Amino acid sequence: MIRIEARAWQDMVAHARATYPNECCGAMLGTITDGEKNVAVALPLENAYDGARRTRYELRSEDLLRADQEARSHKMDLVGIYHSHPDCDAYFSETDLKNSCPWYSFVVLSIRNGEFDHANSWLPDAEQTRAEREELIWPKS
């Protein structure tokens with residue numbers, strides 16, 4: 001289960017809306033207690049993909065390292081990655097799966113016509129062959 005605090009959720013949605021019609025991406029910083037993840041901070045990262053960013057995102061390893069260092073400096077963990085899917089559902093694509101890390105949660109936000117539609121969180125397996133939907137709790141307003 002992953003719970004996203006109000007400020008972090010607002011920042012994630014605002015980031016996805018601001019980058020529309022391209023995909024956004026970022027890191028989720030927080031805590032993990034007894035297998036439950038709590039996201040306190042959404043850290044926007046640059047979509048470094050060198051192609052059509054409307055359909056794909058790419059994170060640089062140095063940006064992930066910086067996000068991890070930021071988390072640790074605040075006594076938190078890097079608990080996952082978020083990204084948006086412009087004008088389509090919040091599914092976990094084959095590309096997402098291929099580029100995933102099994103120790104992170106992956107939150108996908110569906111942004112339709114520039115506005116938030118829905119979201120899902122995914123947990124990939126260690127072999128990167130499938131991902132299961134994870135319970136996602138965010139403030140509904």
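Just so it is clear, the model here is predicted, and its values are computed rather than measured.
Under the 4.5 Å side-chain contact rule for hydrophobic residues, Met12 and Leu43 do not share a cluster.
The side-chain contact (heavy atoms from CB on, under 4.5 Å) check on Arg60 picks up Glu46, Ala48, Glu62, Asp63, with sequence neighbours excluded. Taking Asp77 as the reference, nothing meets the side chain to side chain donor-acceptor pair (under 3.5 Å) condition, with sequence neighbours excluded. Remark: Ser61 engages no residue in a side chain to side chain donor-acceptor pair (under 3.5 Å) (not counting sequence neighbours).
Interatomic distance, CG of Asn22 versus CZ of Arg56, reported as 14.0 Å (0.5 Å rounding). Interatomic distance, CD of Gln128 versus NZ of Lys98, reported as 10.0 Å (0.5 Å rounding). Asn120 contributes atom CG, which lies 4.0 Å from atom CZ of Arg133 (distance to the nearest 0.5 angstrom).
Ring geometry for Trp122 versus Phe92: interplanar angle under 30°, hence parallel rather than tilted (30 to 60°).
The side-chain heavy atoms of Ile2 and Ile137, taken from C-beta on, include no pair separated by under 4.5 Å. Using a 4.5 Å heavy-atom threshold, the side chains of Phe116 and Tyr20 count as separate. For the pair Val39 and Glu5, the minimum side-chain heavy-atom distance is 4.5 Å or more. Proximity of Val79 to Leu29: side-chain heavy atoms (C-beta onward) are nowhere separated by under 4.5 Å.
With Asp96 contributing its side chain and Ser93 its backbone, the two residues share a donor-acceptor pair below 3.5 Å. With hydrogens and angles ignored, the 3.5 Å screen pairs a side-chain donor or acceptor of Asn47 with a backbone N or O of Glu23.
Every pair tested for ring pair (Phe, Tyr, Trp, His ring centres under 6.0 Å) that includes a residue from residues 22-49 fails, sequence neighbours excluded, so the list is empty. Counting only residues at least two apart or in different chains, ring pair (Phe, Tyr, Trp, His ring centres under 6.0 Å) contacts with residues 51-88 comprise His15-Tyr82, Tyr57-His83, His83-His85, His85-Tyr91.
Remark: Arg3 does not engage Glu36 in a salt bridge, criterion side-chain N to carboxylate O under 4.0 Å.
The shortest non-hydrogen separation linking Ala16 to Cys24 is CA-SG, 3.6 Å.
The 12-atom threshold is exceeded at CZ of Arg54, counting heavy atoms of other residues, nucleotides or ligands nearer than 6.0 Å.
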Just distance, no hydrogens or angles: give the donor-acceptor pairs under 3.5 Å from side chains in residues 99-114, sequence neighbours left out.
| unit_1 | atom_1 | unit_2 | atom_2 | d |
| --- | --- | --- | --- | --- |
| Asn99 | ND2 | Thr95 | O | 3.1 |
| Ser100 | OG | Leu97 | O | 2.7 |
| Ser105 | OG | Lys37 | NZ | 2.6 |
| Ser105 | OG | Glu134 | OE1 | 2.8 |
| Ser105 | OG | Glu134 | OE2 | 3.3 |
| Ser110 | OG | Cys88 | O | 2.6 |
| Arg112 | NH2 | Asp89 | OD1 | 2.7 |

Under the criterion side chain to side chain contact (heavy atoms under 4.5 Å, CB included), I'd like the reasoning laid out for Leu78 against Met28: C-alpha separation, chi angles, the key distance, then a yes or no. CA-CA 6 Å; Leu78 174 55; Met28 298 181 295; 5.8 Å; no
From CA spacing to verdict: side chain to side chain contact (heavy atoms under 4.5 Å, CB included), Leu45, Arg66: CA-CA 10 Å; Leu45 300 174; Arg66 183 176 51 84; 3.5 Å; yes
Going through the checks in order, is the salt bridge (Lys or Arg N to Asp or Glu O under 4.0 Å) test met by Arg130 and Glu132? CA-CA 7 Å; Arg130 64 184 174 80; Glu132 292 191 21; 2.7 Å; yes
